[in-house]
Asks: 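Structure in structure tokens, see below.
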Amino acid sequence: QELFKKDCPPLTATQRHRIINASVSMPPKELNRLLHALLEETKDRDGQGDYKARIMIVGWVGDDMLLHRVIEELGGLVVMDNCCFGARAFGDPIGFDPDNPLPSLARSYLSRTSCPRMFATFDERYGMLQDAVTDYRVDGIVRTRLQFCDLHGVDNVHLHRRKGQM
């Protein structure tokens, strides 16, 4: 995700989303090997620099990359997302204790940036969004929601009410 703080990230958001999709469906050792190779390959490479706006997607996207592709085709550069199936799942480090693996994993899952189902944590999620807007120099936010997921709808209402504060 840090690559997307660059002026010209070496990957597109569509490519990043493909990596996220692969990360949940392949053996971890193989994924780590491929990720290390990718980081080495892209460390000195510049990417797209002729974008019109740096965009953050908030809400639900799932494993479909259509929204990312459409934004990119229209000249946007998706630099961050706060989606159920996206960067949010990988943003918080896991404090793994090999002597107590289950409790350490449980603490990591329970203390990471939450989804809207944890209604009382909106202020925490909002603070993370404000930080991301600054850190990734976001020009605009695209809010999405999962059909019939009232919690995303409520989150979007709260975001809309505070939109002038970002």
Side-chain angles (χ1 to χ4, degrees), residues 1-26 31 34-35 38-39 42 45-94 108-119 121-166:
Q1 185 59 43
E2 291 296 308
L3 294 173
F4 288 86
K5 290 181 179 179
K6 292 182 171 186
D7 288 333
C8 303
L11 298 173
T12 67
T14 301
Q15 291 167 324
R16 179 187 63 209
H17 209 67
R18 282 188 187 131
I19 293 166
I20 290 170
N21 286 346
S23 75
V24 298
S25 61
M26 66 186 310
L31 174 67
L34 292 170
L35 286 175
L38 178 65
L39 287 172
T42 59
R45 185 172 76 188
D46 276 339
Q48 176 185 352
D50 59 344
Y51 52 85
K52 297 176 184 174
R54 297 172 68 88
I55 303 295
M56 177 167 46
I57 300 173
V58 175
W60 170 257
V61 174
D63 59 356
D64 187 358
M65 292 167 269
L66 178 62
L67 181 58
H68 295 82
R69 280 197 312 264
V70 168
I71 291 171
E72 291 165 355
E73 288 171 5
L74 293 172
L77 178 67
V78 179
V79 293
M80 180 57 169
D81 73 62
N82 183 32
C83 299
C84 303
F85 201 76
R88 181 173 66 205
F90 300 95
D92 299 320
I94 295 176
S108 294
Y109 279 112
L110 293 172
S111 65
R112 69 181 178 182
T113 305
S114 63
C115 93
R117 79 178 181 284
M118 307 301 276
F119 186 74
T121 61
F122 175 78
D123 288 334
E124 176 188 335
R125 281 192 308 283
Y126 187 74
M128 191 279 307
L129 291 176
Q130 287 180 307
D131 291 344
V133 165
T134 301
D135 294 346
Y136 293 89
R137 300 180 320 279
V138 171
D139 299 312
I141 297 174
V142 174
R143 294 179 302 195
T144 66
R145 74 175 184 88
L146 178 61
Q147 184 76 19
F148 305 116
C149 179
D150 294 336
L151 300 170
H152 273 291
V154 170
D155 236 34
N156 280 338
V157 169
H158 287 300
L159 287 172
H160 181 75
R161 288 182 177 162
R162 293 189 183 183
K163 68 181 178 185
Q165 297 175 18
M166 279 201 206

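Source: prediction; values computed, not measured. The residues of the chain are indexed from 1 along the displayed sequence.
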Asks: Does any N or O in the side chain of R18 come within less than 3.5 Å of the main-chain N or O of M65, such that one atom is a donor and the other an acceptor?
Replies: no
Asks: If the threshold is 4.0 Å, N to carboxylate O, is there a salt bridge linking D7 and R137?
Replies: yes
Asks: To the nearest 0.5 angstrom, please state how far the CE atom of M128 sits from the CE atom of M80.
Replies: 5.0 Å
Asks: Rounded to the nearest 0.5 Å, how far apart are CD1 of I71 and CD1 of I57?
Replies: 4.0 Å
Asks: D135 and K5: which non-hydrogen atoms are nearest, and at how many Å?
Replies: O-CG, 3.8 Å
Asks: Rounded at 0.5 Å granularity, tell me how far NZ in K52 sits from CG in D139.
Replies: 13.0 Å
Asks: About how many Å separate CG of L39 and CG of L34, when rounded to the nearest 0.5 Å?
Replies: 11.0 Å
Asks: Do M56 and V133 come close enough that some side-chain heavy atom pair is under 4.5 Å?
Replies: yes
Asks: Do you know the tightest heavy-atom contact between N21 and V24?
Replies: O-CG2, 3.2 Å
Asks: Ignoring hydrogens and geometry, is there a side-chain-to-backbone donor-acceptor pair from R45 to P10 under 3.5 Å?
Replies: yes
Asks: A side-chain contact here means heavy atoms from C-beta on lying under 4.5 Å apart; do V142 and V78 qualify?
Replies: no
Asks: Considering non-hydrogen atoms only, spot the tightest contact between A13 and F4 and give its length.
Replies: N-CE2, 4.0 Å
Asks: Measuring from atom CD of E124 to atom CG of L129, what distance do you get when rounded to the nearest 0.5 angstrom?
Replies: 11.0 Å
Asks: Taking the basic N atoms (NZ, or NE/NH1/NH2) and the acidic carboxylate oxygens, is any pair closer than 4.0 Å for R69 and E72?
Replies: no
Asks: Is any side-chain heavy atom of Y136 closer than 4.5 Å to one of E2?
Replies: yes
Asks: Roughly how far, to the nearest 0.5 Å, is the CG atom of L3 from the CG atom of L38?
Replies: 7.5 Å
Asks: Where do Y126 and L159 come nearest, in terms of heavy atoms and distance?
Replies: CD1-CD2, 3.8 Å
Asks: Taking all heavy atoms of G49 and all of C8, pick out the closest pair and write down the distance.
Replies: CA-SG, 3.6 Å
